[in-house]
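Here's the structure we're looking at; comments come further down.
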Amino acid sequence: MTVEIPETMERIVLAARPVGSPKASDFRLETVPMPVPGEGEFLARTIWLSLDPYMRGRMDESKSYAAAVEIGAPMEGGCVGEVIASNNPKFKVGDFVDDRFGWQSHAVSNGQGVRKLDPSAAPLSTAVGVLGMPGITAYVGLNTHGRPKTGETLVVGAATGAVGSLVGQLAKAQGLRVVGVAGGADKCAYAVEELGFDICLDHRAAENPKALRKQMASACPDGVDIYFENVAGKTLEAVFPLINVHGRIPVCGMIAWYNAGALGADAGEGPNIMPKFWRTILVNRLSVTGFIITDHYDQFPTFVQEVGGLIRDGKITYKESISEGLASAPEAFMKLLEGGNFGKQLVAVSADPTR
Ligand code: NDP
């Protein structure tokens with residue numbers, strides 16, 4: 001099979017390091033010559049680009065678990081693509097793949113670490129969503145670090161998002177009481193009616209942190225055994241006083257503070273809460289476990305088999321928020337950081353022939 005290959009491709013590069021919330025001028029759309037795959041390489045066109053909160057961290061220079069994107073370099077990102085030219089015997093034209101092509105319409109790969117996808121097993125877009133990186137984050141964070149037990153209470157923020165929606169559903173399937181926290185009445189209704197959560201609190205409607213604390217206390221009459229930390233901010237403040245003895249806090253993300261940089265929103269201000277915080281960890285014998293999902297990719301096959309089966313059986317559902325065209329990625333990403341997405345945020349970069 002041969003495919004006509006355009007002479008140019010598009011990409012979005014980091015134009016400037018954001019100060020606080022990213023703005024449109026921090027990104028630049030460029031048209032560049034189409035790369036030619038060398039020996040052992042293939043060329044793919046991007047179908048789906050995944051937008052994820054971690055990308056905000058890559059825009060900063062501060063020390064982290066991964067290097068920052070250089071100014072002028074394409075933004076990083078996981079993608080689903082179709083091979084359109086290949087000099088690699090393991091990948092043929094027409095194969096669908098999951099790779100880190102970045103915010104680009106096309107990319108060359110040597111095939112290392114690339115997952116081949118079977119579109120008859122699951123829709124292609126799920127490879128960067130519920131059956132991809134965010135999905136395994138929920139699965140490992142809950143099971144390995146949360147260690148759930150029937151009858152316990154779990155709280156999760158960003159409850160209708162890519163990670164939170166699966167955390168809550170998997171916890172419900174294991175017999176836990178699940179309390180979600182989400183932004184807006186529609187998201188909260190979806191969490192209860194479609195995802196099956198017991199209750200969902202609207203953090204944007206709570207007029208102050210105290211109000212959310214009060215709602216959280218009445219939503220968790222037996223305290224909280226697992227706080228799946230996705231957001232931090234006032235959700236963390238509301239949950240922390242309710243954590244039970246031997247409680248677990250898988251620390252997955254803290255999106256409320258991402259735009260504040262590595263030191264957090266309140267660095268250098270306000271009372272020092274560290275002694276009280278540290279003492280609670282000791283007195284309540286808490287397990288607070290930070291984790292980065294790429295350390296756990298050995299669990300990918302088990303995860304895909306288990307969660308893929310639950311989706312096929314209709315026991316797990318998922319939602320996608322799709323923005324059209326590569327040029328829409330910066331706007332969609334800026335909205336994601338503010339809760340403008342409803343479900344897994346994707347960019348439809350080019351046609352998905354399997355839809
Ligand atoms: P989501 O699809 O959940 O999208 C982000 C959501 O965060 C928004 O929709 C919004 O939901 C919520 N949010 C934004 N600002 C705030 C705020 N100030 N307070 C509370 N909620 C806020 O994203 P993901 O599911 O992809 O990611 C969820 C978390 O998991 C992130 O922190 C991410 O960094 C982390 N993560 C960590 C990984 C790891 O390896 N440790 C891997 C993957 C993700 P709403 O409108 O409901 O407020």
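These numbers were taken from a predicted model, which means no experiment stands behind them. All ligand and atom numbering here is 1-based and tracks the order in the structure. Quick note: numbers below take in every heavy atom, side chains included, and nothing from hydrogens, waters or symmetry partners.
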Please report, to 0.1 Å, the donor-acceptor pairs under 3.5 Å made by any side chain of residues 296-316, with sequence neighbours excluded.
unit_1: His296; atom_1: NE2; unit_2: His145; atom_2: NE2; d: 3.4
unit_1: Gln299; atom_1: NE2; unit_2: Thr144; atom_2: OG1; d: 3.3
unit_1: Glu306; atom_1: OE1; unit_2: Tyr139; atom_2: OH; d: 2.9

Could you check Glu152 against Arg177 for salt bridge (charged side-chain N to carboxylate O under 4.0 Å, His left out), going step by step and ending with a plain yes or no? CA-CA 6 Å; Glu152 289 189 330; Arg177 172 174 175 76; over 6 Å; no

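- With ring centers used as reference points, Tyr54 lies 6.0 Å or more from Tyr258.
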Would you please test Arg11 and Glu30 for salt bridge (charged side-chain N to carboxylate O under 4.0 Å, His left out) and show each step? CA-CA 5 Å; Arg11 62 184 196 177; Glu30 293 181 341; 2.9 Å; yes

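- The closest side-chain heavy-atom distance from Ile322 to Glu324 is below 4.5 Å.
- Between the side chains of Gln215 and Asp202, no donor-acceptor pair is found at a separation under 3.5 Å.
- Near ligand 1, Pro53, Met133, Thr137, Ala158, Gly161, Ala162, Val163, Ala182, Gly183, Lys187, His203, Arg204, Asn230, Val231, Cys252, Gly253, Met254, Ile255, Ala256, Tyr258, Phe291, Ile292, Ile293, Leu336, Leu337, Gly339, Asn341 each place a heavy atom less than 4.0 angstrom from the ligand.
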